[in-house]
K.L.:
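Take this structure, written in structure tokens, and hold onto it; I'll ask about it next.
Note that this is a predicted model, so its numbers are computed, not measured.
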Amino acid sequence: MELTRTQLEAIAGERLKEHRVHGGGRYTLGLPGGDRRCLLTFDTPDEARTAAAALSLLRAEVDLPLPQVRASNPGAGAGVAWVLASDLPGEPLETVAQRIPDEQLYKLGRRLGEVMHRVHRVACDRYGALAGDDPLAADDERGYVLGRLAAALQGVVADELLRPEEADAVRAWFDAEFIPVGGRAALVCGGLTPATILVRQSGGSWTLSGVTQWGGALGWSPLWDHALLLDAAGASRYFSLRVGYGNAYDEATRRAYEQVREATLRPYRALLSLERLRTLGPGPEGARRRAALLGLVSAGPSLES
């Protein structure tokens, strides 16, 4: 639902000089004094609470291209849950990627890797949701992941998307192979896609200008963000972006278990395929996810020795 100017002014608390609708629940509000604000709207109150909580944890990172929260209303303010933040200029990467040369996509990827490494240095108290009741929340990553795994497997078996023996094989693989090394949950964005990564052009150069989606943020491993990004930006057009992201992230951390490596990513990619399968159901895309999941868990040990 697109908000009206009257609703936008109710949120801003004053008459607007101008406003722009970007899609994806993002608006730019031009205030009378010349300042600009970014309004992010959400489908549920918990998403708005989560975004506000995540961005509050990042409020000291003022040099990063991330929203700075000015106000929020997770309830029904103007009929929608929202977060009002500092201006986020730019366009979604997915709408302009075809215009960006490979060398600049590589640089954008490197900058994104640097930014996300900084985000992931922020610690969380638990594994799981930042806001609201999370029945799967845990103090250790293995317990958290196995809880998510069990819930997803129960759903796909009930929907006849996996046979019981296939679900048992997936469960046994995780039980034997998933032994995470990290000791404390990191702040994870949970929404990195070409649609939520903003870029802007100045002259002949493109720069990273923002990341908009924080409604799925949580405490977990940086590897979940890696898996989400590589999955969402899997098209050949984004190859240079993926390479730049992985190179910069791996250079920024000495923690090998957080680096962008296929062996360490495998269980996260498997869980992602399982949860996407549960959402997609039967059909060509669901079949692709099912094949990816079963291929991953039959490919050998998940972690490097």
K.L.:
Do Asp139 and Tyr144 pair up side chain to side chain, a donor and an acceptor below 3.5 Å, judged on atom types alone?
P.N.:
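Their side chains do not contain a donor-acceptor pair, so the 3.5 Å distance test is not met.
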K.L.:
So, Arg261 and Asp250, do they make that salt bridge, N to O below 4.0 Å?
P.N.:
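Not counted as a salt bridge, because no side-chain N and carboxylate O are separated by less than 4.0 Å.
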K.L.:
Closer than 4.0 angstrom, basic N to acidic O: yes or no for Arg290 and Glu166?
P.N.:
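Here Arg290 pairs with Glu166 in a salt bridge, since their nearest N and O are under 4.0 Å apart.
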K.L.:
Is Ser240 reaching over with its side chain to a backbone N or O of Tyr106, donor-acceptor style, under 3.5 angstrom?
P.N.:
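The answer is no, because no donor-acceptor pair under 3.5 Å joins these two groups.
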K.L.:
So, Phe42 versus Trp82, ring centres under 6.0 angstrom or not?
P.N.:
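Judged by ring-centre distance (under 6.0 Å), Phe42 and Trp82 do not meet the cut-off.
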K.L.:
Show the nearest heavy-atom pair for residues Leu228 and Leu272, with the distance to one decimal.
P.N.:
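In this case the closest contact between Leu228 and Leu272 is CD2-CD1, 3.7 Å.
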K.L.:
Only one of Leu149, Leu153, Leu274 forms a side chain to side chain contact (heavy atoms under 4.5 Å, CB included) with Phe174, so which one is it?
P.N.:
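It is Leu149, the one option of Leu149, Leu153, Leu274 that forms the side chain to side chain contact (heavy atoms under 4.5 Å, CB included) with Phe174.
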K.L.:
Can a donor-acceptor pair be found, under 3.5 Å and without considering hydrogens, that links the side chain of Thr193 to the backbone of Ala232?
P.N.:
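Pair absent, no side-chain N/O of Thr193 close to backbone of Ala232.
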K.L.:
So, for Ser273 and Ala292, which heavy atoms are closest and what is the spacing to 0.1 Å?
P.N.:
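Result for this residue pair: OG-CB, 3.9 Å.
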K.L.:
Salt bridge check: are Glu103 and Lys107 linked by an N-O gap of less than 4.0 Å?
P.N.:
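Salt bridge flag = no for Lys107 with Glu103.
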K.L.:
Assess whether atom OH of Tyr257 is packed by more than 12 heavy atoms of other residues, nucleotides or ligands within 6.0 Å.
P.N.:
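More than 12 within 6.0 Å, yes.
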K.L.:
Salt bridge (charged side-chain N to carboxylate O under 4.0 Å, His left out) between Asp231 and Arg289: does it pass, once the steps are laid out?
P.N.:
CA-CA 11 Å; Asp231 183 77; Arg289 288 290 179 178; 2.9 Å; yes
K.L.:
Please name the pair of heavy atoms, one in Thr207 and one in Leu108, separated by the smallest distance, quoted to 0.1 Å.
P.N.:
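It is C-CD2, 3.4 Å.
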K.L.:
Does Arg26 form a salt bridge (charged side-chain N to carboxylate O under 4.0 Å, His left out) with Glu2? I'd like the steps, not just the answer.
P.N.:
CA-CA 10 Å; Arg26 180 170 66 100; Glu2 185 176 310; over 6 Å; no
K.L.:
Count the heavy atoms belonging to other residues, nucleotides or ligands that lie under 6.0 Å from CZ of Arg237, then report whether that count exceeds 12.
P.N.:
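Count over threshold, so yes.
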K.L.:
I'd like to know whether CD of Glu165 has more than 12 heavy-atom contacts from other residues, nucleotides or ligands below 6.0 angstrom.
P.N.:
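Yes, CD of Glu165 has more than 12 neighbouring heavy atoms, counting only those of other groups under 6.0 Å.
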K.L.:
Spell out, as yes or no, whether a donor-acceptor pair under 3.5 Å connects the side chain of His120 to the backbone of Met116.
P.N.:
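Indeed, once roles are kept as given, a pair shorter than 3.5 Å links the two residues.
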K.L.:
Do NZ/NE/NH1/NH2 and the carboxylate oxygens of Glu262 and Arg269 come within less than 4.0 Å?
P.N.:
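The answer is yes: the pair qualifies as a salt bridge.
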K.L.:
Looking at Asp134 and Arg126, does any basic side-chain N land under 4.0 Å from a carboxylate oxygen?
P.N.:
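Salt bridge between Asp134 and Arg126, a charged N being under 4.0 Å from a carboxylate O: no.
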K.L.:
Taking all atoms of both residues into account, what is the closest heavy-atom pair of Ala152 and Glu275, and its distance?
P.N.:
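Scanning both residues, the minimum pair turns out to be CB-CG, 4.2 Å.
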K.L.:
Enter the distance from Leu162:CG to Leu294:CG here, rounded to the nearest 0.5 Å.
P.N.:
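Atom-to-atom, Leu162:CG and Leu294:CG are 6.0 Å apart.
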K.L.:
For the residue pair Thr28 / His19, report whether a side-chain donor-acceptor contact shorter than 3.5 Å exists.
P.N.:
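There is no such pair (donor and acceptor under 3.5 Å, judged by atom type) between the side chains of His19 and Thr28.
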K.L.:
For Val96, run the side chain to side chain contact (heavy atoms under 4.5 Å, CB included) check against Glu94, Arg99, Gln98 and tell me which one passes.
P.N.:
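Considering Glu94, Arg99, Gln98, a side chain to side chain contact (heavy atoms under 4.5 Å, CB included) with Val96 is found only for Arg99.
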K.L.:
State, to 0.1 Å, how close Leu223 and Leu265 come at their nearest heavy-atom pair, and which atoms those are.
P.N.:
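So the minimum-distance heavy-atom pair works out to O-CD2, 3.5 Å.
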K.L.:
Please give me the minimum heavy-atom distance between Tyr249 and Pro222, naming the atom from each residue.
P.N.:
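What the structure gives for the nearest pair is OH-CB, 3.3 Å.
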K.L.:
Are more than 12 heavy atoms, taken from residues, nucleotides or ligands other than Asp125, located less than 6.0 Å from that residue's CG atom?
P.N.:
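No, not enclosed.
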K.L.:
Regarding Arg142 and Asp175, does a basic nitrogen lie under 4.0 Å from an acidic carboxylate oxygen?
P.N.:
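Salt bridge between Arg142 and Asp175, a charged N being under 4.0 Å from a carboxylate O: yes.
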K.L.:
So that I can tick it off, tell me whether Glu18 and Arg36 are bridged by a salt bridge, with the cut-off set at under 4.0 angstrom between side-chain N and carboxylate O.
P.N.:
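A salt bridge is present here (some side-chain N lies under 4.0 Å from a carboxylate O).
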K.L.:
Can you name the one residue among His226, Arg111, Arg110, Glu114 that meets side chain to side chain donor-acceptor pair (under 3.5 Å) with Tyr245?
P.N.:
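Of the listed residues His226, Arg111, Arg110, Glu114, the side chain to side chain donor-acceptor pair (under 3.5 Å) partner of Tyr245 is His226.
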